[in-house]
Amino acid sequence: ATAIRVAIILAKLSVLPVRRGFWGARIGRPHTVPTKVTGKCGSVTVRMVPAPKGTGLVAARVPKKLLQFAGLEDVYTQSRGSTKTLGNFVK
């Protein structure tokens, strides 16, 4: 029980704000990432590219859930490396 409690506390402490932006005209609420973003953990590199409104999340199953949770609606993603290691892929 203690390990679960500590894991929940660490997860809550490591939450980061996500900047959202527009693609094209600034009409409505921000729906995508403002610029191309690249992240790396271990051998996995993930790249997010802004997408036009209505595109949806073009991503694999696991990052799609994270991006939905972050409030993004339209993003292209690309990943390289050993994406089987979900710990590195999700970070």
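Note that the structure is a prediction, hence the values are computed from the model and not measured.
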If I compare all heavy atoms of [X] with all of [Y], which pair ends up nearest, and what's the gap?
X: Pro50; Y: Tyr76; result: O-CD1, 3.7 Å
X: Arg19; Y: Pro34; result: O-CD, 3.4 Å
X: Ser82; Y: Ser43; result: N-OG, 3.4 Å

Requested in this report: Could you tell me the separation between the NZ atom of Lys36 and the CD atom of Gln78, rounded to the nearest 0.5 Å?
Outcome: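 It comes to 10.0 Å.
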Checking one residue: [X]. Which other hydrophobic residues are in its cluster under the side-chain 4.5 Å linking rule?
X: Val18; answer: Val33, Val37, Met48, Leu57, Leu67, Leu72, Val75
X: Leu10; answer: Val6
X: Trp23; answer: none

Query raised in the report: With sequence neighbours excluded, what pairs up with Leu16 under the side-chain contact (heavy atoms from CB on, under 4.5 Å) test?
Result: none
Query raised in the report: Would you say Thr32's side chain and Ala51's backbone share a donor-acceptor pair under 3.5 angstrom?
Result: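 Yes, because the side chain of Thr32 sits within donor-acceptor range (under 3.5 Å) of the backbone of Ala51.
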Query raised in the report: Do any N or O atoms from the side chain of Lys53 and from the backbone of Ile27 form a donor-acceptor pair under 3.5 angstrom?
Result: yes
Query - Verify same cluster id: Phe69, Val15 (apolar side-chain graph, 4.5 Å) - result: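 Phe69 and Val15: separate clusters.
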Query raised in the report: According to the side chain to side chain donor-acceptor pair (under 3.5 Å) rule, which pairs have a member within residues 64-74, sequence neighbours left out?
Result: His31-Asp74
Query raised in the report: Mind checking what makes side-chain hydrogen bond (donor to acceptor under 3.5 Å, both in side chains) contact with Asn88, not counting sequence neighbours?
Result: none
Query raised in the report: Under 6.0 Å from the CD1 atom of Ile4, do we count more than 12 heavy atoms belonging to anything else shown?
Result: no
Requested in this report: Apply the side chain to side chain contact (heavy atoms under 4.5 Å, CB included) test between Thr83 and each candidate in Val46, Val44, Val62, Thr45; give the one that qualifies.
Outcome: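 With Thr83 as partner, Val46, Val44, Val62, Thr45 yield a single side chain to side chain contact (heavy atoms under 4.5 Å, CB included), made by Val44.
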Query raised in the report: When you look at Val49 and Thr77, which way does the side chain to side chain contact (heavy atoms under 4.5 Å, CB included) test go after all the steps?
Result: CA-CA 6 Å; Val49 181; Thr77 62; over 6 Å; no
